[in-house]
Every structure is written in C-alpha cells, then in structure tokens.
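Working notes, structure below.
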Protein chains: 2
Amino acid sequence: MSSNEPYPGTQAVLRALTLLKTFTDEKPELNLIELAQAVDLNKTTAYRLLTALESEGLITRASESDAYRLGPEAIALGGRAVRANNLHKVCRPELERLAAQTKETATIEVLSDAQSLTLDEISGSYVVGVSRYIGTRWPLHATSTGKILLAYLPPVALDALLVAPLTAYTPHTITSLTALRQELATVCEQGYAIGNEELEIGFISVGAPIRDHNGAVVAAIGVGGSSARLREEIVFELIDPVKSAARRISEQLGYRELIEK
Amino acid sequence: MSSNEPYPGTQAVLRALTLLKTFTDEKPELNLIELAQAVDLNKTTAYRLLTALESEGLITRASESDAYRLGPEAIALGGRAVRANNLHKVCRPELERLAAQTKETATIEVLSDAQSLTLDEISGSYVVGVSRYIGTRWPLHATSTGKILLAYLPPVALDALLVAPLTAYTPHTITSLTALRQELATVCEQGYAIGNEELEIGFISVGAPIRDHNGAVVAAIGVGGSSARLREEIVFELIDPVKSAARRISEQLGYRELIEK
DNA sequence: TAATATATTTCATATTATGAAATGACGTTT
DNA sequence: AAACGTCATTTCATAATATGAAATATATTA
C-alpha cells in the first residue's frame, strides 16, 4: 500500500480528526460554517461529524453563541497521553529539580511532526502560571531544545527536515541552512545548545540531549527564562545543571556513557 | 430525536473515539486484540480505525512491541483544549445558573498575591447592584472561598501564607492559626467552606473547590448574601448547588473524579 | 519443524455515510 | 409587523464507503 494514500474505509474518521485539528490557539472557537469551509466539507457532513465529537465530549459549545470549541474529553485524553509516555515519568523529578535549582522554567521536548513538542513543563519560581505550554509545538531551528533534537539526527532524517526557508522569528533567528548546519555541528561537539532570543526577543534558554539505552537522542531537556535575568554569565551557569539533568535521565533510560575518547 | 440514540451516520467516528477512550492510566498500552475485545469490535474494523488514528498521530505504536498507545497529537490536542477552556469561559454559565438557582450572588475566585481575587461575579436577584467586586481582593482567612483556596494548598505553600497576625474583621473572624488550621482540615474533609459573617457582619457565603485536569485546586466558586435571608437551615441548602457547580466546572476543565472508594 | 499468536490484506456485500434541499430558530432590517 | 438574512438542524434518496469473514503474512514459541 502506498504510504500516504488514505487507508480505505476510514474517510469519516479522518474527516472527524481533521475537524479536531482545525481548532488552534489563534482560533479556539469556530462555528459550523467556518469549520465546514476550513476542512472543505459539506455543511451537513461537518455537522454530523461534530455532533458525534460533541456527544463524546471531544468538543463542546459555548452556551450562548453556538460556537464549537475543544471539550473536556480532549483535555482528559491529552493528560492520559502525557502520562502514558514513560519519558514523562522519568523526567518529572529531574524537571522539578532543575526548575527549583535554577528558578527558571524547565521543559522536556520531543520531535513531533517536524516540530518540537513540549511534553512537560515546570515553571520556575518567577512565574505564577502553571504549564502553559504543554502540548505546544515549536520550530526546531529557533529553540535550544529544537536545535538539540536536530543536531543528533541521522543525516538522512536531518536532510528531510532542513528545508528552506527558515522562518525568522527575531533578528537573531538562524535563517541560513549552512549557518544552521554549522551551529548544529557545534551543538553536537559541546553537548548543549543555547537559544539566544531566536524565537522571541527576551527569552533565552539552554538545552541538552536525552538518550535512550541505544544511545539515540529521544528528547531534549531545557531551561529558560527572561533575558533580563539571564545575562551572559548567568546563562553559562545553566549549562552544567541542564547537562547533568540530561545525563541522569539518560542513565535512567538505560544509557551508559562510553568511557573512551 | 431521542437524546441518547446515536446520531445516524456516525458509527465509525463513535467507534474510533471509543477506541481512544480505551487507553487509561492503568492500561496505557494495548494491542489490537485487547482493543477489539474491549470495545467489542471486529478485529479488522478495530485495525482499520486504529490505522486512521495512527495516521493522524493520535496514537502511536511502541517501536519494539507493536502495542498501541496514545500519541503526540493527543498531547497537542489536549494542550489546545486546556488553553481554549479558560476558567472565565467555563465558569460563566455555571455562575449564572448558580445565581439564578439560589437568587444569591455567585463569584469565582483565584489565589493571587496571598489574597483571594474575584475573577467574575453574577448578582442574585436579591441584590440591586451588578458585579461590583470583579477584580477585588479579599483576605484568605475570612471568606468561604479564601478558606477553600487555602485548604487544598500543598503544606509548604500553606505555611508561607499562614502567618500571624490574622486580622479580625468581625467578632466571628478566625484569628488563631491553630483554629484556622483546624477549620481548613474540616473544609477539606467536607469539600465545602462556610463564611459566617467572618469578613463583614450580615454577610454569609458558601464556597467549593474547582479542580483542573491534574486534580489541582485552581479556583473557588462561592455564593453568598445577607444573613437576614440566609438563616442556618437556608445556608445548608446552598451547599449542594455550590458543590455541584464546582464539580461540573471541574469536569469541563478535564478533571475526572476517581471512581474507586 | 510445526504450532501458536498476532498483525495485515483481500474482497464481496449492504450498511452506513453522504450532501442537496427543506425546515427551523433567531435576530436584524425595512 | 412583515420580510430578510444567517446559521443550525432535519429529512431522505442514493451510492459510496465501512464492514467483517476469511486468507495471508510475520514473528515467537514449543
């Protein structure tokens, strides 16, 4: 079977899932017509699928307007998905330790869909809000953890992901493919990556690779915060804690560092 | 249309969603046969639906075994659902309902800056003015909602907030730290708090905890009014409505009460 | 090597999803 | 108050699509 032909007999399900994915942070509430247009479905069909999704709690409707939005069951599902990931279990205590130690926000990220997906997050003591970014995806070339995830990729996989143009989020974003490859080489050599206001002005972070028992890099751990606090010499103080946390997690995943040089 | 007959033309979608819900914290990894049996589906049908879910990233398979588990897209979906269902949106209709039902004034409050901050308010029919207190902060130890917010705090955080002296606003205000700790224990046990003219003579209220998808208490909901109306037996009639409203809001935030005893 | 257990594919069939059109609900304009 | 507009919802004839029994592939165990 060709790899991206839809599996036969799944049209309705695929359409329903596409509807679910239409809800974004930018447009979290949509009405029937908007949804039908966005996914190019007949209004009636969209309505029927939405009714099914609603009956199972995956979407709800604002009581006043009758706009649809993602529902409680989606939240519960996401929670179960996070907890099912055993990476999450192992990383939790290390994230807490890292956040406590540095007073900055610590996250673990995995590669998902050519982006960096935040699996878990602990806010540093400077921030009140909790886990605002779990489940969010970030561009790989503009974050410290993203660069980690890229840097250790096998060449073929890397080539597939490194395609121009690289969106410039700030004046610091690396936008040239050669410059990025250069940076990734440095990252590999150092064993950590720094994200210096490349995604957002005012945000600086440090990331390090998490390896499984085969030595494959399966995730990245990072800490970051406001550039107002993290002046250059302070950023450097984050490197060791992050690398140590990454090493301890990797060890728990069965990774044994090679002794030789 | 009868209310719990499935909407026609949605069999496949409903079956797919049922499959998704089969993954739990206790059994986060399932193989084809287990899944098919659990939801009483033909093996082939289950397989086809799973393939569709997998192709959209809602489920993945452990690379070694070929067991299914919830995938990254489920995490991403959950994240978006959390952000789309903020407290304010979810609470609004429940506040209105509570105010209509009890004819008293209903509010939601969150912890902010060692005080209880009124996020939203709906006046009951007995009160003339409307939402006079949105954005106001109240002492934690002298209100029903404040005591709720304290009662479920982790010990360390509680210790940081419980510092003498506790200002006496009325003769009923709890001013001893030990008495307050005692009261908070009772509140936890009961699942509601009563504020009996502790902030202001003539004002009585009942509060209950609102939990997010992690089970953490993130807000409190309360109703209250004049002690002239709310004689003891009437106050007790508020408890159930408030607790129910809190429970419904929590459910919408993705909280799933534990089933076990 | 055979046997077992599981995943995957095939394919004829009719059940089920589909969408055009009609209707309903509700607010806004004339 | 009537006419209009917008959007959600229902109806229903039709065929496209989901279905499941059976066959096959793949891996693991005896």
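Side-chain atoms are counted along with the backbone in the values below, which use heavy atoms only and exclude waters and symmetry mates.
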Quiz item: Whole-Å distance between D:dT26 P and B:Asp66 CG?
Solution: 13 Å
Exercise. With heavy atoms under 4.0 Å as the rule, sort B:Ile33 into base, sugar-phosphate or nothing.
Key: sugar-phosphate
Quiz item: Considering only heavy atoms and no angle criterion, is a donor-acceptor pair shorter than 3.5 Å present between the side chain of B:Lys43 and the base of C:dT8?
Solution: yes
Exercise. Answer yes if the side chains of A:Arg80 and B:Thr24 hold a donor-acceptor pair under 3.5 Å, and no otherwise.
Key: no
Self-check item: Nearest-angstrom distance from the residue atom CG of B:Asn42 to P of C:dT16
Solution: 13 Å
Quiz item: Going by an N to O cut-off under 4.0 Å, is there a salt bridge joining B:Glu34 and B:Lys27?
Solution: yes
Quiz item: Taking OP1 and OP2 of D:dT9, is either one under 4.0 Å from a side-chain nitrogen or oxygen of A:Tyr47?
Solution: yes
Quiz item: When the distance from CG of A:Leu35 to P of D:dC7 is rounded to whole Å, what number comes out?
Solution: 13 Å
Quiz item: Quick one: do A:Glu73 and B:Arg256 make a salt bridge, cutoff under 4.0 Å?
Solution: yes
Quiz item: Choosing from D:dA21, C:dT6, D:dT19, which nucleotide comes nearest the side chain of B:Thr45?
Solution: D:dT19
Exercise. Among B:Asp120, B:Ile221, B:Leu119, find the residue that satisfies the side chain to side chain contact (heavy atoms under 4.5 Å, CB included) test when tested with B:Leu87.
Key: B:Leu119
Self-check item: A:Tyr68 OH to D:dC7 P, straight-line distance once rounded to whole Å
Solution: 13 Å
Quiz item: NA contact type, A:Thr51, heavy-atom cut-off 4.0 Å: base, sugar-phosphate, or nothing?
Solution: nothing
Self-check item: N or O in side chain of B:Gln11 less than 4.0 angstrom from D:dA18 OP1/OP2
Solution: no
Quiz item: Looking only at side-chain N and O atoms, does A:Arg48 come under 4.0 Å of OP1 or OP2 in D:dA8?
Solution: no
Quiz item: When you check the phosphate oxygens OP1 and OP2 of C:dT18, does a side-chain N or O of A:Arg15 lie under 4.0 Å from one of them?
Solution: yes
Exercise. Map A:Ala12 and A:Leu32 onto DNA chain D by nearest heavy atom, then report which one ends up closer to the 5' terminus.
Key: A:Leu32
Practice problem: For the residue pair B:Tyr7 and A:Tyr47, categorise the inter-ring angle as parallel (less than 30°), tilted (30 to 60°) or perpendicular (more than 60°). | Solution: perpendicular
Quiz prompt | Distance in angstrom units between A:Tyr7 OH and D:dA18 P, rounded | solution = 12 Å
Exercise. Take atom CG of B:Leu50 and atom C1' of D:dG20, then tell me their distance rounded to the nearest Å.
Key: 15 Å
Self-check item: base_contact_polar (D:dA21 base, B:Thr44 side chain, donor-acceptor, <3.5 Å)
Solution: yes
Quiz item: Start at the 5' end of DNA chain D and walk down; is the nucleotide closest to B:Leu49 or to A:Asn31 reached first?
Solution: A:Asn31
Quiz prompt | Separation of D:dA8 C1' from A:Leu30 CG (nearest whole Å) | solution = 15 Å
